[in-house]
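Encoded as C-alpha cells, the structure appears first; notes follow it.
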Amino acid sequence: FLPHLVAAMVEVEETYIMIKPDGVQRGLVGEIISRFEKKGFKLTGLKLFQCPKELAQEHYKDLQSKPFFPKLIDYITSGPVVCMAWEGVGVVASARKLIGATNPLNAEPGTIRGDLAVQTGRNVVHGSDSPENGKREIALWFKEEELCEWAPVQEPWLKE
Ligand code: GDP
Ligand code: MG
C-alpha cells in the first residue's frame with residue numbers, strides 16, 4: 001500500500017479513557033485531559049465517578065484469572081475515577097501511544113505514564129486496546145444521554 005492509502009484507511013474511532021484513583025488523588029486530572037485535548041481528539045463524554053466493584057470486575061473481566069486481579073479491583077474502586085469518551089481518526093492506537101507502556105518504568109518519557117508514574121499497580125490512566133473494546137467500554141461506563149455529539153470549531157484547522 002502507498003502511505004496515503006494506508007492513512008485513508010484509518011477510521012474515526014471511539015476510545016474509553018479513564019483517570020484512575022491515583023491520578024485523581026494526585027491532582028493530575030487537568031494535566032491528563034489536556035494531553036488528549038491538545039492532540040486534537042474530540043471529548044464526547046466526561047464524568048467523575050465512584051466505581052462499584054461489579055463494574056470494575058466487568059471492565060477488567062479478561063484479567064479475571066490473573067493473580068493481581070483482586071488488587072486491581074481494590075485499586076480501581078479505591079476512590080473516584082474520571083471517565084472519558086474520546087473520538088477521532090485512529091484515536092484508539094494514538095491514545096495508547098500517548099498513555100505509554102503498562103509498566104511506567106518502561107513507558108517512554110513524553111508519555112503520560114512515562115512522565116507521571118512509577119508502578120504498574122499505580123499507572124494513573126486506562127485506555128481501550130481496540131476499537132471494539134472502545135465501544136464496549138464506553139457503553140459499559142456511560143449512559144447514552146451522558147454522551148454528546150458535537151462539532152468542534154477547530155475541525156478545519158486539524159483536518160485538511
Ligand atoms: P493496560 O492496557 O496497559 O492498562 O494493561 P493491561 O490491560 O495488561 O492491565 C490492566 C491494568 O491492570 C494495568 O493498567 C494495571 O493497572 C494492572 N496490572 C497489569 N499487570 C499488573 C501486574 O502485574 N501487577 C499489578 N499490581 N497490576 C497490574
Ligand atoms: Mg488493557
Side-chain angles (χ1 to χ4, degrees), residues 6-7 9-144 146-147:
V6 174
M9 283 163 62
V10 181
E11 285 175 33
V12 175
E13 301 167 346
E14 302 169 283
T15 194
Y16 177 65
I17 303 294
M18 177 167 71
I19 304 173
K20 297 177 178 180
D22 50 334
V24 175
Q25 290 291 347
R26 292 175 55 208
L28 298 173
V29 171
E31 163 86 33
I32 293 171
I33 294 177
S34 72
R35 293 189 181 211
F36 296 96
E37 239 184 350
K38 285 177 193 165
K39 175 74 177 169
F41 294 127
K42 179 165 82 175
L43 184 65
T44 57
L46 172 68
K47 67 179 176 186
L48 185 71
F49 184 62
Q50 175 62 54
C51 168
K53 204 170 178 162
E54 298 69 34
L55 181 57
Q57 288 167 336
E58 178 63 26
H59 174 80
Y60 282 123
K61 67 179 179 196
D62 291 350
L63 301 174
Q64 233 162 38
S65 60
K66 302 280 184 193
F68 59 82
F69 188 72
K71 264 179 24 181
L72 174 59
I73 301 306
D74 286 348
Y75 165 43
I76 296 303
T77 58
S78 63
V81 294
V82 174
C83 309
M84 291 179 274
W86 289 90
E87 193 183 289
V89 174
V91 70
V92 173
S94 180
R96 296 274 295 184
K97 272 192 189 167
L98 291 174
I99 288 169
T102 304
N103 181 343
L105 292 182
N106 298 332
E108 294 296 325
T111 64
I112 295 169
R113 288 169 176 166
D115 289 348
L116 305 174
V118 290
Q119 269 206 330
T120 303
R122 295 287 184 272
N123 62 3
V124 303
V125 66
H126 164 83
S128 308
D129 61 9
S130 67
E132 297 69 41
N133 276 334
K135 282 191 197 306
R136 178 184 83 89
E137 292 169 5
I138 289 170
L140 191 62
W141 290 85
F142 286 99
K143 296 176 189 143
E144 189 67 42
E146 289 174 325
L147 299 166

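For the single chain, residues carry numbers from 1 onward in sequence order. Just follow the structure's listing: the first ligand is 1, and inside any ligand the first atom is 1. Everything numeric in this text was worked out from a predicted model, so none of it was measured.
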- Message: Is it the case that the side chains of Asn133 and Tyr16 hold a donor-acceptor pair, with the cut-off being a distance below 3.5 Å and no angle test?
- Response: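 No, no side-chain donor-acceptor contact under 3.5 Å.
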
Check: Glu137/Ser128 side-chain N/O donor and acceptor closer than 3.5 Å:
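Short answer, yes.
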
- Task: Decide, yes or no, whether a salt bridge links Arg136 with Glu132 under the criterion of side-chain N to carboxylate O below 4.0 Å.
- Result: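 Between Glu132 and Arg136 there is no salt bridge, as every charged N stays at least 4.0 Å from the carboxylate O atoms.
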
Which protein N or O atoms sit under 3.5 Å from any N or O of ligand 1? Give atom names and distances.
| from | atom 1 | to | atom 2 | distance (Å) |
| --- | --- | --- | --- | --- |
| ligand 1 | 2 (O) | Arg96 | NH1 | 2.8 |
| ligand 1 | 3 (O) | Thr102 | OG1 | 2.5 |
| ligand 1 | 3 (O) | Arg113 | NH1 | 3.0 |
| ligand 1 | 4 (O) | Arg113 | NH2 | 3.1 |
| ligand 1 | 5 (O) | Thr102 | OG1 | 3.3 |
| ligand 1 | 14 (O) | Lys20 | NZ | 2.9 |
| ligand 1 | 14 (O) | Asn123 | ND2 | 2.8 |
| ligand 1 | 16 (O) | Lys20 | NZ | 3.1 |
| ligand 1 | 16 (O) | Thr120 | O | 3.3 |
| ligand 1 | 16 (O) | Asn123 | OD1 | 3.4 |

*Can we call the ring centroids of Phe41 and Trp86 under 6.0 Å apart?*
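No - the distance between ring centres of Phe41 and Trp86 does not fall below the 6.0 Å cut-off.
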
Query raised in the report: How are the rings of Trp141 and His59 set relative to one another: parallel (under 30°), tilted (30 to 60°) or perpendicular (over 60°)?
Result: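 Trp141 and His59: perpendicular rings.
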
- Does the cation-pi check pass for Lys47 over Phe49, that is, NZ or CZ under 6.0 Å from the six-membered ring centre and within 45° of its axis?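 Verdict for Phe49: a cation-pi partner in Lys47.
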
